[in-house]
Asker: 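One structure coming up, written as structure tokens, with questions to follow.
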Amino acid sequence: MVGNFFAFLLRPVRWLARGLSRSSRSAARAGKTSATASAGVAAKISTEDVLEAEYHEEPPVGVETLLFKQLPRPRLTERTAAELTLEQAKTYAAEAQDFYRLRFPLFARGDFFYEDIETDFLRSALGYDNNSIDRRFIDVTTLFRRTLNNNTRSMLLYWTPVLFLVAFGAAYAALHFGVAPPLSDESSIWAPLAIFATAAGVGLSVALLVFSWPYKVVQQRNLLNLDNYVTSKFARINHNFQVAKRRALNVERDKRMGDRDALQEEAGVWTLAYHWFAMRLFACELILRNNFYQVRRNTTLYWAGGLFATLIAALALFAIFRIDQLPPETSGAILGAAAAYLVIAGAIMRRASGMMFRVLQSNEWSRFGQINLDATIRDHVGEDKLQIVTFRDRNRLE
């Protein structure tokens, strides 16, 4: 009920945001049409983050993006099966050889954050330093992780304590400057209670407003854009795996004994290629697990840090209020309003940690477990052995 009520209140604001967004995009398109090529290059160079300039197709514009950062869906650079030629397969086979020869560090550096060690190994496994095609994937997922964390940090660690300070500071100023009876007036206990209860209510309402829109809207869009990108990339890798598998199984159909050297090389290339596609899926899934572990952990830390910062802000205000010198009923009213803000705000912000699991569909990402690499290897080897025995027995009969 509360969510529906706030959605109803936010409807006019969202209509206004959509109108501003459309007008801004129309102006941007018109500017792009009239701009010269040199101006476009200068605009790309002047972008703060080179990585963002590489992946942004059109910067999102809207009221909700003024407070929190939104990233568009990145361009998909994974090659299609139509581009999977023998020369390209040789490149993948070379990457597979580098992967299988990679030494796994048993004695890693003594780092406090183990995910950094895991990231270093996964980058090496995917050829990050060799500018492989998966370097884009690693950079994109890292960019999204940092953006998600930055938005959550702003919401939980900054907005929650600041709204408390503003609301309760305004309530104290109203009482101190005579808008309501003074705090020391024992005959007006209900006035401070009403003022600070109103302050807590206003602060929580604004916190819920900012959390529901724009924070939640921007975060969900970021997660959906990342979800679409990852799902498309994994589906394309899976398709390439199927194509490489078929070519590895059927390579001898177009070859004769006079082409045995080319047959041996091509069969090995396609076999290594489909092995590598499967291992790329596995390594990319590990990259995602690593990034979302950090997002989930940091969200929990920001939530706890935001509550602690709010508590510190409350103690600082109480010192300014000289709450120990106030009547017990008045100080109790202030403490009760502050405690209510802390508990309810904590309950609201706690929903941020589970947001990604409500938006993302992990079953669309777990492709390595569905690719059936073991069945492919068994069928491939079994078919080859069957043909060997068939031709051997045929030659014996002849």
Asker: Ignoring hydrogens, what is the shortest heavy-atom contact between T376 and I371? Give both atom names and the distance.
Answerer: OG1-O, 4.4 Å
Asker: When you check the side-chain N and O atoms of K216 and Q219, is any donor under 3.5 Å from an acceptor?
Answerer: no
Asker: With sequence neighbours excluded, tell me which residues meet side chain to side chain contact (heavy atoms under 4.5 Å, CB included) with D116.
Answerer: R109, D111, F113
Asker: Hey, would you say the F277 and F241 ring centroids sit under 6.0 Å apart?
Answerer: no
Asker: How close do N291 and T142 get, counting heavy atoms only, and between which atoms?
Answerer: OD1-CA, 4.0 Å
Asker: Measuring only between side-chain heavy atoms, which start at C-beta, is R136 closer than 4.5 Å to P74?
Answerer: no
Asker: Please identify each residue that fulfils salt bridge (charged side-chain N to carboxylate O under 4.0 Å, His left out) with K233, with sequence neighbours left out.
Answerer: E78, D134
Asker: Around atom CZ of F282, are there more than 12 heavy atoms of other residues, nucleotides or ligands at under 6.0 Å?
Answerer: no
Asker: Between N240 and L84, what is the shortest heavy-atom contact and its length?
Answerer: O-CD2, 3.7 Å
Asker: With sequence neighbours excluded, what pairs up with E285 under the salt bridge (charged side-chain N to carboxylate O under 4.0 Å, His left out) test?
Answerer: none
Asker: Once you measure the plane-to-plane angle for F68 and Y215, does it fall in the parallel (<30°), tilted (30-60°) or perpendicular (>60°) bin?
Answerer: perpendicular
Asker: Could you work out, with side chain to side chain contact (heavy atoms under 4.5 Å, CB included) as the rule, every residue matching E118, not counting sequence neighbours?
Answerer: Y114, L122, R289, N290
Asker: Show every salt bridge (Lys or Arg N to Asp or Glu O under 4.0 Å) that has at least one partner inside residues 302-320, sequence neighbours left out.
Answerer: none
Asker: Tell me whether D227 contacts the main-chain N or O of L223 through its side chain, where contact means a donor paired with an acceptor under 3.5 Å.
Answerer: no
Asker: Hydrophobic side-chain clustering at under 4.5 Å (ILVMFWY, transitive links): who's grouped with V166? Put none if nobody.
Answerer: V162
Asker: M155 and V210: which non-hydrogen atoms are nearest, and at how many Å?
Answerer: SD-CG1, 3.7 Å
Asker: Under the side chain to side chain donor-acceptor pair (under 3.5 Å) definition, can you give me all pairs with a residue in residues 334-356, not counting sequence neighbours?
Answerer: R350-S353
Asker: Return the set of residues passing ring pair (Phe, Tyr, Trp, His ring centres under 6.0 Å) with F104 (not counting sequence neighbours), or none when no residue passes.
Answerer: F121
Asker: When clusters are formed by joining ILVMFWY residues with side-chain heavy atoms under 4.5 Å apart, either directly or through shared neighbours, do L263 and L249 land in the same one?
Answerer: no
Asker: So, for A248 and Y274, which heavy atoms are closest and what is the spacing to 0.1 Å?
Answerer: CB-CE2, 3.7 Å
Asker: Looking at residues at least two apart in the chain, or sitting in another chain, which of them share a salt bridge (charged side-chain N to carboxylate O under 4.0 Å, His left out) with K90?
Answerer: E87, E265
Asker: Looking at F234, is its backbone amide N or carbonyl O close enough to the side chain of N238 to form a donor-acceptor pair, meaning the two atoms are under 3.5 Å apart?
Answerer: no
Asker: Which side-chain N or O atoms in residues 297-308 pair as donor and acceptor under 3.5 Å with protein atoms at least two apart or in another chain?
Answerer:
unit_1: R297; atom_1: NH1; unit_2: E115; atom_2: OE1; d: 3.4
unit_1: R297; atom_1: NH1; unit_2: E115; atom_2: OE2; d: 2.5
unit_1: R297; atom_1: NH2; unit_2: E115; atom_2: OE2; d: 3.2
unit_1: T299; atom_1: OG1; unit_2: V295; atom_2: O; d: 2.7
unit_1: T300; atom_1: OG1; unit_2: R296; atom_2: O; d: 3.1
unit_1: Y302; atom_1: OH; unit_2: R153; atom_2: NH1; d: 3.0
unit_1: W303; atom_1: NE1; unit_2: G346; atom_2: O; d: 2.8

Asker: Applying side chain to side chain contact (heavy atoms under 4.5 Å, CB included), can you list everything that pairs with H275, at least two apart in sequence or on another chain?
Answerer: Y100, T271, I377
Asker: Sequence neighbours excluded, which residues qualify as side chain to side chain contact (heavy atoms under 4.5 Å, CB included) partners of Y128?
Answerer: R123, R135, I138, D139
